[in-house]
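Structure, as structure tokens:
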Amino acid sequence: MASEAGKTFQRFAVFGESSSSGTEMNNKNFSKLCRDCGIMDGKTVTSTDVDIVFSKVKAKNARTITFQQFQEAMKELGQKRFKDKKPDEALENIYKLMEGKDPATTGVTKATTVGGVSRLTDTSKYTGSHKERFDESGKGKGIAGREEATDNSGYATLPRMASRKSIVMFLRNEVLLSPDPRRTEGLPPGPSAPAGIRELRWPQAPSSPPPRPQGPGTP
């Protein structure tokens with residue numbers, strides 16, 4: 001019976017502790033073992049009793065207990081859990097409760113859908129840029145849903161957050177705009193307008209003031 005208890009001890013000792021070898025158990029997993037195996041019933045054995053016994057059997061300044069110290073703790077709790085039994089019989093009953101038990105993974109907190117939470121977490125109701133971050137099944141697209149991909153399959157579209165340089169290039173390619181060379185210095189020249197299409201040009205500043213009108217009385 002003690003060998004079965006040792007296997008249960010090892011399974012609970014490594015639960016949630018990736019660095020544990022299974023030879024020692026901390027207070028958190030000790031409490032979980034007592035709760036999952038039914039040793040802690042909330043009446044004859046409470047969580048306070050479990051913490052007191054753990055502190056009693058562990059070494060000074062230690063944070064874990066060995067299997068031998070665990071057995072001493074089970075004797076203490078057995079006398080509380082089965083008060084009408086002799087100490088040996090009470091310990092055997094404790095071991096029977098532990099036999100074949102594994103750490104329970106049920107009871108994990110789940111996301112609530114009460115009230116407005118369901119509306120806030122329903123991706124089918126998202127709009128704007130938030131809608132683009134999820135596919136039809138509600139699964140997130142990751143970085144693909146947060147960055148705009150360049151589409152070279154057809155006509156160009158104006159970027160959402162376009163700089164003046166990109167807007168000029170867009171208009172140059174789509175509307176055959178001939179920009180002011182002073183404002184787009186260094187950019188490649190755009191295509192010329194075909195016959196029948198009037199080119200659009202930026203207004204040019206006059207190079208010199210217009211001549212003054214001549215008439216009678218003009219000095």
Side-chain angles (χ1 to χ4, degrees), residues 1-124 126 130 133-146:
M1 191 68 70
S3 61
E4 290 295 327
K7 295 178 182 179
T8 302
F9 172 89
Q10 185 177 16
R11 288 193 293 267
F12 277 86
V14 300
F15 181 77
E17 303 291 335
S18 58
S19 60
S20 175
S21 61
T23 58
E24 295 183 350
M25 179 182 293
N26 58 29
N27 190 13
K28 179 185 69 176
N29 287 0
F30 178 73
S31 297
K32 181 174 178 59
L33 183 149
C34 294
R35 181 173 57 254
D36 292 352
C37 294
I39 299 172
M40 184 194 308
D41 61 354
K43 296 179 181 179
T44 57
V45 178
T46 64
S47 59
T48 303
D49 296 327
V50 171
D51 292 338
I52 292 175
V53 170
F54 181 87
S55 299
K56 182 179 179 180
V57 299
K58 74 178 183 66
K60 186 177 180 180
N61 297 328
R63 302 180 63 181
T64 58
I65 59 174
T66 63
F67 180 64
Q68 182 178 358
Q69 293 168 329
F70 173 79
Q71 288 178 304
E72 296 176 7
M74 291 298 103
K75 291 179 182 179
E76 294 275 351
L77 294 177
Q79 295 177 12
K80 288 180 173 292
R81 183 69 168 80
F82 304 100
K83 295 181 179 180
D84 57 338
K85 302 289 184 180
K86 295 180 180 180
D88 293 340
E89 294 179 353
L91 181 60
E92 289 296 322
N93 288 337
I94 289 289
Y95 285 162
K96 287 180 181 179
L97 293 175
M98 294 174 52
E99 188 174 358
K101 294 294 180 64
D102 292 313
T105 56
T106 58
V108 178
T109 303
K110 298 181 180 179
T112 179
T113 57
V114 178
V117 177
S118 59
R119 178 175 58 83
L120 296 175
T121 56
D122 186 359
T123 58
S124 63
Y126 288 178
H130 299 289
R133 297 176 60 181
F134 300 89
D135 57 20
E136 295 179 357
S137 64
K139 183 179 180 181
K141 296 181 181 179
I143 192 172
R146 296 191 296 272

So do the side chains of [X] and [Y] get within less than 4.5 Å of each other, counting heavy atoms only?
X     : Y     : value
Gln71 : Phe67 : yes
Val45 : Cys34 : no
Leu33 : Met25 : yes
Phe30 : Val57 : no
Asp41 : Arg81 : yes
Ile52 : Glu76 : no
Arg35 : Val50 : no
Gln79 : Pro87 : yes

Which pair of non-hydrogen atoms, one from [X] and one from [Y], has the smallest distance, and what is that distance?
X     : Y     : answer
Asn29 : Ala13 : ND2-O, 3.4 Å
Thr8  : Cys37 : CG2-SG, 4.4 Å
Phe9  : Gly22 : CE2-O, 3.6 Å
Ser20 : Glu24 : OG-O, 3.8 Å
Ser31 : Asp51 : OG-OD1, 3.6 Å
Lys85 : Ala90 : CB-N, 3.9 Å

Does any donor atom in the side chain of Asp49 or Thr46 lie under 3.5 Å from an acceptor atom in the other side chain? yes
Does NZ in Lys101 sit with more than 12 non-hydrogen atoms of other residues, nucleotides or ligands closer than 6.0 Å? yes
Drop me the distance from [X]'s [atom1] to [Y]'s [atom2], to the nearest 0.5 angstrom.
X     : Y     : atom1 : atom2 : value
Glu4  : Tyr95 : CD    : OH    : 12.0 Å
Lys75 : Ile94 : NZ    : CD1   : 13.0 Å
Asp88 : Asn93 : CG    : CG    : 11.0 Å
Lys7  : Glu99 : NZ    : CD    : 10.0 Å

Any Lys/Arg nitrogen of Lys28 or Glu17 sitting under 4.0 Å from an Asp/Glu carboxylate oxygen of the other? yes
Using the rule given for side-chain contact (heavy atoms from CB on, under 4.5 Å), can you reason through Phe82 versus Glu89, listing the C-alpha separation, both sets of side-chain angles and the distance that settles it, and then say yes or no? CA-CA 9 Å; Phe82 304 100; Glu89 294 179 353; over 6 Å; no
Test Arg63 against Asn26 for side-chain contact (heavy atoms from CB on, under 4.5 Å), laying out the working first. CA-CA 6 Å; Arg63 302 180 63 181; Asn26 58 29; over 6 Å; no
